[in-house]
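Data block below; observations after.
Numbering of ligands and ligand atoms starts at 1, following listing order.
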Amino acid sequence: MEHHEWQDLQQTILREELYAKAALDFVRTDAVRLMERTLTLAYSDGIISSQEESDFGDLARLLRIPPGLLAPLQSELADLRAATSIREGHLPAVQTTVLLDAGEVAHLEVSATFRHVTATRSRDIVGRVVVTNRQIYFIGSAGEGGWNVQYGKILRIEERSDGVNLELSVKKGSGTYHHVTKPLILSATLDALVRLHKRLLLMPQTERASRSIPQNVKIAVWQRDQGKCVECGDNNYLEYDHVIPHSLGGASTENNLQLLCRRCNLQKSNKI
Ligand SMILES: [Zn+2]
């Protein structure tokens with residue numbers, strides 16, 4: 001090959017790479033949305049399998065998602081995997097600074113701020129939450145506040161973006177816990193323990209497996225609901241919800257399915 005032919009070829013390759021780069025830059029926002037959608041589709045049956053996780057990695061490489069944009073998606077993936085496992089009843093045992101009773105096992109310890117609301121004012125109490133198989137402890141870090149809550153006293157758990165709201169049948173400890181280190185993990189842990197306490201926790205995966213939704217139905221529902229929660233419009237942590245619950249004979253069809261965020265889905269399931 002002549003020297004000028006080499007130069008032409010090199011320039012062509014360089015030009016093509018620039019086109020490819022410009023094209024990828026152009027579709028980057030859509031690519032990130034596609035990645036988010038892939039995560040939601042994968043999590044909709046409550047299980048992130050290792051195959052789905054490796055597909056997710058392949059897609060990220062194919063779309064050349066820059067590390068800065070990929071990091072939050074990867075951290076969401078890790079949280080979803082951990083929350084999935086906890087909701088299925090796999091509760092880890094952790095070390096804690098709280099003195100536990102015989103047979104009591106700690107599952108989670110996170111920092112949290114309790115918002116104490118009275119008729120006249122509201123005040124934040126900084127501390128930490130320790131979740132065990134028997135109860136939930138709150139320990140104020142400045143020596144103020146300190147209580148424990150039995151699972152039977154929980155009326156409702158409302159997931160918040162940075163924590164949880166606990167509605168209790170007793171006054172002490174009822175309210176919102178903010179600034180939680182891992183809010184998704186805390187609510188999954190509480191959710192699993194409350195259900196376990198009520199003896200409603202099914203064997204891992206059996207309930208989820210019976211609820212599996214065909215991929216074409218998932219895609220149709222996603223497109224109809226425009227990739228956001230039909231209740232609040234949030235586009236994070238979306239789940240496929242049966243309008244008429246599966247347990248009451250509701251089918252896994254497009255008409256009986258909608259997109260709900262975890263928070264709205266949790267609220268709905270607490271009302272049923
Ligand atoms: Zn919502």
Side-chain angles (χ1 to χ4, degrees), residues 29-30 32-48 52 56 72-88 110 112 115 154-168 174-195 200 207-208 211-213 215 217-248 250-272:
T29 311
D30 286 338
V32 169
R33 285 289 288 147
L34 176 64
M35 297 295 293
E36 285 169 355
R37 177 183 153 162
T38 304
L39 266 190
T40 301
L41 283 174
Y43 188 63
S44 63
D45 59 357
I47 294 151
I48 301 277
E52 284 167 333
F56 182 83
L73 289 166
Q74 280 171 329
S75 134
E76 188 180 334
L77 174 68
D79 285 353
L80 291 179
R81 287 209 71 171
T84 299
S85 167
I86 289 165
R87 280 183 204 282
E88 286 170 354
V110 287
R115 184 149 298 161
I154 297 179
L155 302 176
R156 187 168 149 172
I157 303 167
E158 195 183 336
E159 198 171 303
R160 296 285 172 91
S161 57
D162 73 336
V164 290
N165 184 64
L166 295 187
E167 197 180 315
L168 308 177
S174 194
T176 308
Y177 297 76
H178 295 273
H179 307 308
V180 172
T181 332
K182 288 261 180 192
L184 194 72
I185 301 300
L186 176 60
S187 55
T189 306
L190 294 179
D191 194 37
L193 284 163
V194 168
R195 281 187 297 140
L200 288 175
E207 183 199 25
R208 296 292 194 176
R211 286 187 178 187
S212 66
I213 303 162
Q215 195 75 359
V217 173
K218 286 181 188 171
I219 290 165
V221 171
W222 182 281
Q223 284 169 347
R224 186 199 61 207
D225 294 345
Q226 301 177 320
K228 54 192 185 204
C229 173
V230 297
E231 289 291 332
C232 73
D234 198 338
N235 57 17
N236 291 306
Y237 298 121
L238 294 173
E239 297 176 342
Y240 287 88
D241 169 61
H242 286 77
V243 179
I244 297 167
H246 194 262
S247 56
L248 298 177
S252 294
T253 57
E254 192 181 334
N255 285 341
N256 192 44
L257 286 165
Q258 61 184 0
L259 284 180
L260 284 181
C261 69
R262 251 239 63 84
R263 194 172 55 227
C264 291
N265 204 359
L266 197 64
Q267 280 178 14
K268 182 189 163 185
S269 61
N270 286 345
K271 279 175 198 155
I272 289 174

Backbone of L259 reached by a side-chain donor or acceptor of D225 within 3.5 Å: yes
For R37, salt bridge (Lys or Arg N to Asp or Glu O under 4.0 Å) partners two or more places apart: none
Sub-2.8 Å protein N, O or S atoms surrounding the Zn ion (ligand 1): C229 SG, C232 SG, C261 SG, C264 SG
By side-chain contact (heavy atoms from CB on, under 4.5 Å) - contacts of T189 (at least two apart): I86, L91, H107, L108, V131, I185, L193
Option from R262, K228, R263 for which salt bridge (Lys or Arg N to Asp or Glu O under 4.0 Å) with D234 holds: R263
N256 side-chain N/O to I244 backbone N/O, donor-acceptor pair under 3.5 Å: yes
Any residue meeting salt bridge (Lys or Arg N to Asp or Glu O under 4.0 Å) with R160, in chain and number order, not counting sequence neighbours: E158
